Amino acid sequence: MKSSDIKNIAVVGAGNMGHQIATLSAIQGYKVVCTDVKEDILKKAEEFVDNYLPGRVKKGKLTEEQAKQARDNISFTLSLEDAVKDADYVIEAVLEVLDLKRKIFADLDKMTPSHAILATNSSFIVSSRIADVTNRPEKICNLHFFNPALVMKLVEVVQGPHTSDETVEVSMELCRNLDKVPVHLKKEVDGFLLNRIIRAIFNEAQWMLEMGVASVEDIDNACMYGAGHPMGPFRLNDLTGIDLAYTMAMENFKETGDFKDLPSPSVVEHYVKGEYGQKTGKGWYDYSDKK
Ligand SMILES: NC(=O)c1ccc[n+]([C@@H]2O[C@H](COP(=O)([O-])OP(=O)(O)OC[C@H]3O[C@@H](n4cnc5c(N)ncnc54)[C@H](O)[C@@H]3O)[C@@H](O)[C@H]2O)c1
């Protein structure tokens, strides 16, 4: 398959990442079907598109015609089968839970055309832990977008031992067509490329917080005004979700059995209180006053 053969993209999971990946694919001219198991999430995703596209027109980033075309390109359904039956490329963006992803990939393998590439947007789970539930392991890879996917240019294309060079080439080219900058990871590695670097910074930031060395605000300020980061590690963690940080650490611990990989006490504290960051209105920072 060539990247020019990709006309139809399916996005499975319309949450934080999925609805943005679907929107950007529609803007770049692909026919996109976005699916989720939750009706309210799907409705929110559709409302987002209906607000976002006119907003881009107002800002002069899209013409009326481009916005209309993008809106026509995207549809939403609760049916996984309807979403993926004509897909040339599937991007899975459901919760970061291995068993769930394995179940979905087994279904995708049955429901999609045999030429379709099936990619996971997982932040942590390498595709070799999923590919064996399909009959097309060579067409399985990680396609890791960053949050917010409509804004962040980087996408990591991770090649597992089972992933063909063709799948990598097509995926890299698809990313370029989506106006992204793809990087090719030639090997699967825990945390992929950028998150390994970010994790090292976040671990250090949490240690300093928990040791009482500095506040959340001051640690963020140090990274922003000293290292030139666009936002500090705590603000970033509120954006990506403390629930995701917790789940990723737990998955890592299950894999390694190493107690130092467990989520830190302050992450656990927020997690058990349901303070996941921006999406719940509270995390390291309080967002309850802001829209
Ligand atoms: N949040 C981030 O910053 C970020 C960044 C890069 C990658 N990721 C990865 O993207 C994936 C999604 O993360 P998110 O933050 O968007 O999560 P999210 O919780 O916002 O969204 C996940 C969605 O999946 C849906 N879902 C659950 N089971 C489903 C099923 N069987 N079929 C269809 N939909 C189903 C849920 O209803 C939910 O809407 C995860 O694998 C995560 O690791 C997240």
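Quick caveat: nothing in here was measured; it's all calculated off a predicted structure. Counting starts at 1 for both ligands and their atoms, in listed order.
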All N/O donor-acceptor pairs, side-chain side in residues 26-35, below 3.5 Å, sequence neighbours left out:
{"unit_1": "Tyr30", "atom_1": "OH", "unit_2": "Asn177", "atom_2": "ND2", "d": "3.3"}
{"unit_1": "Lys31", "atom_1": "NZ", "unit_2": "Asn73", "atom_2": "OD1", "d": "3.2"}
{"unit_1": "Thr35", "atom_1": "OG1", "unit_2": "Thr77", "atom_2": "O", "d": "2.8"}

Q) If you take all heavy atoms of Lys187 and Val158, which pair is closest and at what distance? A) O-CG1, 4.0 Å
Q) Of all heavy-atom pairs between Ile21 and Ala149, which one has the smallest distance, and what is that distance? A) CG1-CB, 3.9 Å
Pairs of nitrogen or oxygen atoms, one from ligand 1 and one from the protein, closer than 3.5 Å: please tabulate them with distances.
{"unit_1": "ligand 1", "atom_1": "1 (N)", "unit_2": "Thr240", "atom_2": "O", "d": "3.2"}
{"unit_1": "ligand 1", "atom_1": "3 (O)", "unit_2": "Asn147", "atom_2": "ND2", "d": "3.1"}
{"unit_1": "ligand 1", "atom_1": "8 (N)", "unit_2": "Ser123", "atom_2": "OG", "d": "3.1"}
{"unit_1": "ligand 1", "atom_1": "10 (O)", "unit_2": "Asn121", "atom_2": "ND2", "d": "3.0"}
{"unit_1": "ligand 1", "atom_1": "16 (O)", "unit_2": "Asn16", "atom_2": "N", "d": "3.3"}
{"unit_1": "ligand 1", "atom_1": "16 (O)", "unit_2": "Met17", "atom_2": "N", "d": "2.8"}
{"unit_1": "ligand 1", "atom_1": "20 (O)", "unit_2": "Asn16", "atom_2": "N", "d": "2.8"}
{"unit_1": "ligand 1", "atom_1": "37 (O)", "unit_2": "Asp36", "atom_2": "OD1", "d": "2.6"}
{"unit_1": "ligand 1", "atom_1": "39 (O)", "unit_2": "Asp36", "atom_2": "OD2", "d": "2.7"}
{"unit_1": "ligand 1", "atom_1": "41 (O)", "unit_2": "Val94", "atom_2": "O", "d": "3.2"}
{"unit_1": "ligand 1", "atom_1": "41 (O)", "unit_2": "Glu96", "atom_2": "OE1", "d": "2.5"}
{"unit_1": "ligand 1", "atom_1": "41 (O)", "unit_2": "Lys101", "atom_2": "NZ", "d": "2.7"}
{"unit_1": "ligand 1", "atom_1": "43 (O)", "unit_2": "Glu96", "atom_2": "OE1", "d": "2.8"}
{"unit_1": "ligand 1", "atom_1": "43 (O)", "unit_2": "Ser123", "atom_2": "N", "d": "3.1"}
{"unit_1": "ligand 1", "atom_1": "43 (O)", "unit_2": "Ser123", "atom_2": "OG", "d": "2.8"}

Donor-acceptor list for residues 82-89 side chains, cut-off 3.5 Å, not counting sequence neighbours:
{"unit_1": "Asp88", "atom_1": "OD1", "unit_2": "His115", "atom_2": "NE2", "d": "2.7"}
{"unit_1": "Asp88", "atom_1": "OD2", "unit_2": "Lys7", "atom_2": "N", "d": "2.8"}
{"unit_1": "Asp88", "atom_1": "OD2", "unit_2": "Asn8", "atom_2": "N", "d": "2.9"}
{"unit_1": "Tyr89", "atom_1": "OH", "unit_2": "Ser171", "atom_2": "OG", "d": "2.8"}

Q | Hydrophobic cluster of Tyr225, others only, ordered by chain and residue number, side-chain cut-off 4.5 Å | A | Met224
Q | Non-hydrogen atoms of Phe76 and Ala45 that approach each other most closely | A | CE2-CB, 3.8 Å
